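By convention in this document, chain letters (A, B, ...) are assigned in the order of the sequence lines, proteins followed by strands, and residues within each chain are numbered from 1. Remember, predicted model here, so these are calculated numbers, not experimental data.
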Amino acid sequence: MTILILIAVILGIMVLVKLMNIVQLSTQVSGYEETEDDQIKENNYAGIGLMLFMIIGLSLTVLMIVSYRPHLLPVAASEHGVGLDKLLNINWIVIGFVFFITQITLFYFAHKYRHTKGKVAYFYPMNHKLEIVWTAIPTIVLSILIVTGLQEWHKILMTEKKDAVNVQVYGYQFAWITRYSGKDNTLGKSNYKLITDENPLGLETSDPAMKDDVYTTGNEMHIPVGQEIKFQFNARDVIHSAYFPHFRAQMNLVPGMNTFFTFKPTITTEEMRKITKNDKFDYVLLCNKVCGVAHYTMKMTVVVDTPEDFKKWLRKQKKAREISSTPTVAENTTVNKEVTATL
Amino acid sequence: MEVKNTVTAEDVHHVEHHADEHHHESFWTKYIFSQDHKMIAKQYLTLAIVMAFIGMFMSIIFRLQLGFPDTKFGFFETLLGKWGKGGKLDPGFYLALVTIHGTIMVFFVLTAGLSGTFSNLLIPFQVGARDMASGFLNMLSFWFFFLSSVVMVWSVFIETGPAAGGWTVYPPLSALPQAMPGSGLGMSLWLLSMAFFIVQALMGGINYIVTVLNLRTKGMAMSRLPLTIWAFLITAILGLLTFPVLLAAVLLLIFDRSFGTSFYLSDIFIGGAPLPQTGGSPILYEHLFWFLGHPEVYIVLLPALGLTSEIISTMSRKPIFGYKAMVGSLCAIAFLSCIVWGHHMFVTGMNPFLGTVFTITTLMVAIPSAVKVFNYIATLWRANIQFSPAMCFAVGLVSLFISGGLTGIILGDSALDINVHDTYFVVAHFHVVMGAVAVFGMLAGVYHWFPRMFGRMMNKTLGYVHFWFTIVSVYGVFFPMHFVGLAGIPRRYYANSAYEGFDYFLSVNHLITIFAIIGGAAQFIFLFNFIYSIFKGKKATQNPWNSTTIEWTSPVGPGIHGNWAGPTPTVYRWPYDYSKPGAEKDFIPQTVPFSETKSSNLPGEE
Ligand code: HEM
Ligand SMILES: [Cu+2]
Ligand SMILES: [Cu+2]
């Protein structure tokens with residue numbers, strides 16, 4: 001390795017010396033005034049170069065789209081994700097169209113209108129009509145994109161979903177715990193001052209709502225297919241972000257706050273393995289807000305089960321009522337504050 | 001039309017005074033504690049170039065890690081000591097490098113480097129002033145920049161390493177030394193450095209605004225200002241409105257870290273114990289940070305667009321298309337940029353209704369941006385382009401501005417942002433639209449105004465070689481990166497080993513790293529050309545680009561104190577009379593009265 005570096009440095013120095021020679025050669029004749037022909041030659045090089053750059057660049061763009069597309073995320077595995085992907089594709093079509101048109105025009109003009117013998121520029125300082133047209137068109141197109149985008153946003157985050165099951169996703173440096181609310185569909189209260197090794201979520205044993213709660217102890221969470229799940233996110237130490245790329249879902253975990261995201265998984269892990277033709281495929285939950293040195297390792301496998309399998313799995317999870325009773329929290333501490341949706 | 005005469009007896013006195021002073025100028029007052037805008041511009045440029053190489057070097061190191069995660073690089077250990085044990089980059093230090101790279105590039109290179117260099121150089125020259133309104137404040141602002149750079153670079157060498165929570169330094173991560181080593185002393189130094197930086201930005205900004213508003217030469221109405229000056233003016237106003245908010249954010253963070261307050265902290269259990277703080281909100285910090293953070297993007301972008309407008313018009317030998325629309329869209333972009341900060345916070349738990357509002361304002365920014373692009377393209381239409389390295393960079397800038405601006409439509413759409421937020425898609429987007437565009441603007445500016453700074457020309461051949469390597473590697477690095485993001489790969493990851501679905505993109509990461517190394521190496525061509533040309537470049541002529549603006553009427557060479565020997569020039573027309581029908585030459589300088597150009601006057605120009 002060191003030898004390689006040495007070689008690189010020596011090569012670098014040689015290149016610089018060579019460059020120095022070139023520069024000296026061109027400035028030796030420093031009394032020499034550039035003629036119009038020199039400038040025209042220069043224009044040809046630059047103009048043709050830019051044109052070639054555009055053609056090659058746009059071809060590579062197409063090539064990249066074709067070859068990378070199959071390796072991007074598979075079909076959305078949640079109900080809202082399907083709509084989101086459709087929206088994304090509409091946006092890509094508009095963007096792609098504008099991208100190709102403007103890049104082609106830009107480079108083509110730079111090429112075509114380079115100075116050659118006898119060419120003069122056309123004095124054309126403004127044209128109000130044209131300017132109004134090209135202000136109006138983007139305005140209309142963007143309005144459509146805004147409206148369609150906001151409709152999705154409204155559906156995903158601003159509509160209360162009926163029959164959703166409450167599940168908590170809890171993050172800390174550098175792992176996840178998922179808690180299920182049980183029969184009463186209510187997550188028992190918790191308080192960060194009660195956290196111990198035995199009680200990693202700081203649950204309050206005096207709260208009856210926690211009696212039927214269960215939580216994960218391993219690195220895997222399960223959710224039932226076809227069921228709206230209302231995730232409540234909480235963090236113990238710093239901000240994390242729960243990113244479920246396959247479900248097109250993401251929400252930050254903020255200490256001192258409850259945040260929420262609701263989605264309905266539509267494809268079980270088994271089915272997705274068939275769709276992707278990859279029998280090792282797994283959904284994943286990744287941390288997507290830098291949270292410390294081992295941020296890049298903070299992940300959890302997500303398994304989408306049939307409802308029956310899910311129930312079976314749930315029975316094997318750690319039961320909150322097995323936690324030995326905790327002292328009650330002093331009066332002056334805030335308990336599970338509802339500070340969601342602060343501005 | 002408002003015509004203002006600001007050349008007073010005092011100015012004349014000023015010149016004489018300077019002429020006296022000239023004789024007892026020592027090395028210190030001339031090169032170090034200079035109050036001359038031309039020298040201060042060069043000081044800013046030099047320091048920015050140094051910082052740019054440091055930032056670039058850091059990016060190459062962490063790109064090596066991303067592109068070749070399984071390779072051991074022996075020189076890491078030599079270079080980084082304990083952070084590179086056994087030839088492997090330490091994961092904590094990876095984050096530290098990313099953080100300092102981002103901070104240096106955004107603030108030290110592109111904010112201070114662009115505004116500091118070109119506002120200082122061009123504002124007095126192009127408005128026809130003898131110097132900045134306050135030379136002393138101007139000098140002070142450079143030295144605060146210097147101090148701030150020293151503190152930032154120094155922080156890299158301390159025992160616990162520099163700040164490592166990302167350039168946005170979100171608390172609680174940045175507030176709690178227990179959370180990561182970089183949140184110890186390194187973070188304190190980062191905050192100190194940024195406080196100095198904000199001071200320099202404010203002092204510089206006040207100076208730029210006052211100079212443009214009050215020290216314009218006779219005849220230089222606002223409507224006759226070159227677009228560069230409009231861009232610098234609006235940038236300075238934007239900075240003045242938003243940097244104080246960052247200072248507030250930084251101060252509150254210092255309080256939380258050092259004095260036990262809880263502005264940003266609540267309900268935290270860390271290092272095996274609960275903290276006493278309650279009632280604070282990390283979201284408050286995010287709001288304060290991005291209130292500057294987003295306009296900051298435009299603080300680096302607008303000067304680059306201003307320089308480009310001037311270069312494209314001059315080298316196309318054609319007036320800029322739609323001068324008024326260009327000024328109008330600058331103002332609209334600046335205004336809108338202050339009310340879109342929430343698009344960085346769609347998935348932070350912010351009220352989703354606010355997300356709706358921020359989506360609307362964000363996508364509206366695309367309208368004035370589109371107008372600017374169309375106007376650039378219209379300026380090239382039926383032009384008579386004289387290529388130069390500066391012109392190539394200007395065309396490259398417009399291309400990058402299109403590419404980067406369009407992906408912003410996806411990120412600005414709250415619904416679509418859910419799945420790409422904080423992935424490499426974001427990294428690709430902002431490097432193109434902010435990083436590359438601003439760097440291209442800066443390089444174009446250096447090539448174009450080098451003769452104004454040093455009285456010599458840069459070598460053109462090397463300039464073109466530099467351009468081609470740079471544009472190919474910029475696209476080579478950042479274009480494929482969009483796909484990495486669309487595959488769901490998060491940013492600020494030391495390695496993408498968490499998920500096997502990401503394995504395919506390792507080959508893409510190889511490619512990106514190779515382009516990054518090529519691009520980085522190419523910058524040495526520029527560095528060489530820059531230094532060589534200062535001493536040995538071809539002597540510049542009075543007006544090398546046949547430009548209309550008045551900086552080219554001041555004596556060639558490094559320039560004289562007070563900029564013009566006699567009275568400052570009088571201005572009679574706008575700066576874009578290129579290829580006017582009926583005129584003798586293809587440009588009419590701003591200093592030529594209409595009475596001398598009867599043959600080319602348009603109706604109403606007498
Ligand atoms: C040699 C050229 C450059 C390369 C190869 C490069 C590469 C990178 C990479 C790979 C990251 C890490 C992304 C992540 O993990 O989140 C990054 C971060 C960043 N870069 Fe660059 N970059 C370059 C130049 C620039 C320039 C010119 C700017 C100026 C705007 C810039 C601004 C940033 C910022 C703001 C970050 C984010 C830091 C953070 O996440 O806290 N970079 N860069
Ligand atoms: Cu995390
Ligand atoms: Cu923004």
Side-chain angles (χ1 to χ4, degrees), chain A residues 1-2 5 23 27 30 42-43 46 68 71-73 88 91 95 99 102 105-106 109-110 113-115 119-123 125-126 131 134-135 138-139 142 146 149-150 152-153 157-158 192-193 195 236-239 245 248 250-252 254-256 259 284 288 290 292-293 296 299 334 341, chain B residues 74-75 91-92 166 172-173 179-180 266-270 274 282 317-319 322 325 347-349 351-352 356 363 366-367 370-371 374 377 380-387 392 395 402 406 413-416 418-419 422 459 483 486-488 490 492-495 498-499 504 538 579-581:
Chain A
M1 198 67 225
T2 337
I5 307 243
V23 176
T27 43
S30 60
E42 199 178 319
N43 292 342
Y68 292 156
H71 302 277
L72 302 182
L73 294 169
L88 184 63
N91 272 262
I95 288 170
F99 176 78
T102 46
T105 330
L106 172 71
F109 283 0
Y113 299 111
R114 67 186 191 278
H115 171 70
K119 192 177 271 180
V120 284
Y122 171 50
F123 186 81
M126 65 169 130
E131 285 175 280
W134 70 40
T135 312
T139 309
L142 283 164
I146 291 175
L150 288 180
E152 286 299 318
W153 176 251
L157 275 161
M158 297 173 73
Y192 76 107
K193 297 199 169 168
I195 294 172
R236 178 191 286 182
D237 36 34
V238 301
I239 301 177
R248 317 290 189 256
Q250 174 164 211
M251 186 51 69
N252 286 4
V254 186
T259 55
V284 70
N288 197 17
V290 59
V293 174
Y296 70 107
K299 64 144 186 180
T334 38
Chain B
F75 71 99
L173 183 62
M180 71 190 305
S266 186
D267 299 25
I268 291 169
F269 183 98
I270 194 165
R317 317 308 296 159
K318 203 166 161 264
V347 297
T348 54
N351 189 324
T356 311
L363 293 192
I367 300 166
V371 169
F374 294 148
I377 294 179
L380 293 178
W381 178 67
R382 294 184 68 183
N384 183 26
I385 303 169
Q386 315 282 342
F387 274 103
C392 283
V395 173
I402 296 170
L406 284 172
D413 187 320
S414 50
L416 296 177
I418 293 172
N419 209 48
D422 263 344
N459 182 281
F483 296 94
L486 289 173
R492 295 169 176 166
Y493 264 30
Y494 168 73
Y499 183 58
Y504 173 80
K538 197 170 114 190
S579 302
K580 210 169 175 187

Test salt bridge (Lys or Arg N to Asp or Glu O under 4.0 Å) applied to B/D422 - qualifying residues, sequence neighbours left out = A/K289, B/R491
Proximity breakdown for A/V290 and chain B, heavy-atom pairs closer than 4.5 Å | both
Exercise: identify the closest heavy-atom pair between A/Y122 and B/K318 | O-CE, 3.0 Å
Nearest-0.5 Å distance, CD1 of residue B/I367 to OG1 of residue A/T135 | 8.5 Å
Would you say the ring centroid of B/F269 lies under 6.0 angstrom from that of A/Y192?
-> no
Point-to-point distance, once rounded to the nearest 0.5 Å, from NE2 of A/H115 to CZ of B/R317 = 10.0 Å
Could you give the distance from OH (A/Y68) to CZ (B/F483), rounded to the nearest 0.5 Å?
-> 7.5 Å
Using non-hydrogen atoms and a 4.5 Å limit, figure out which bit of A/N288 sits close to chain B: side chain, backbone, both or neither.
-> both
Pairs of heavy atoms under 4.5 Å with chain A: top-ranked of B/A498, B/A370, B/C392 = B/A498
A/N91 vs B/L416 side-chain heavy atoms within contact, under 4.5 Å = yes
A/I239/B/L173 under side-chain contact (heavy atoms from CB on, under 4.5 Å): CA gap, chis, key distance, verdict | CA-CA 7 Å; A/I239 301 177; B/L173 183 62; over 6 Å; no
Could you have a look at B/P274, B/G322, B/A383, B/P91 and say which one has the most heavy-atom pairs with chain A under 4.5 angstrom?
-> B/A383
Can you tell which of A/P138, A/A121, A/G149 has the highest number of heavy-atom pairs within less than 4.5 Å of chain B?
-> A/A121
Check whether any side-chain N or O of A/Q250 sits under 3.5 Å from a backbone N or O of B/I418 as a donor-acceptor pair, and report yes or no.
-> yes
Test A/L73 against B/L486 for side-chain contact (heavy atoms from CB on, under 4.5 Å), laying out the working first.
-> CA-CA 7 Å; A/L73 294 169; B/L486 289 173; over 6 Å; no
Intermediate values then yes/no, side-chain contact (heavy atoms from CB on, under 4.5 Å), A/I146 and B/D413 = CA-CA 7 Å; A/I146 291 175; B/D413 187 320; over 6 Å; no
Aromatic plane relationship, A/W134 with B/F374 - under 30° parallel, 30 to 60° tilted, over 60° perpendicular = tilted
What is the minimum heavy-atom distance between A/L150 and B/S414, and which atoms define it?
-> CD2-OG, 3.9 Å
Answer whether the closest heavy-atom distance between the side chains of A/P255 and B/D267 falls below 4.5 Å.
-> no
To the nearest 0.5 Å, how far apart are CG in B/L406 and CZ in A/F99?
-> 7.5 Å
Atom pair OG1/CD1 of A/T102 and B/I377 - distance to nearest 0.5 Å | 5.5 Å
Nearest heavy atoms of B/M180 and A/V293, plus distance in Å | CE-N, 4.2 Å
Among the listed options A/I195, A/T139, A/V284, the residue most often paired with chain B at heavy-atom distances under 4.5 Å = A/I195
Are the side chain of A/W153 and the backbone N or O of B/P352 linked by a donor-acceptor pair below 3.5 Å?
-> yes
Between B/A179, B/G92, B/A415, which shows the greatest number of heavy-atom pairs under 4.5 Å with chain A?
-> B/A415
Between A/K119 and chain B, which part of the residue has a heavy atom less than 4.5 Å away: side chain, backbone, both or neither?
-> both
Minimal heavy-atom distance between A/V254 and B/P282, with the atoms involved, is CG1-CG, 3.6 Å
Given the rule in the side-chain contact (heavy atoms from CB on, under 4.5 Å) test, do B/I270 and A/R236 qualify, once you have shown the distances and angles that lead to the verdict?
-> CA-CA 7 Å; B/I270 194 165; A/R236 178 191 286 182; over 6 Å; no
Contact summary for B/L380 and A/L106, nearest pair of heavy atoms | CD1-CD1, 3.6 Å
Taking only residues two or more places apart in sequence, or in another chain, which ones meet B/Y499 in a side chain to side chain donor-acceptor pair (under 3.5 Å)?
-> A/H246
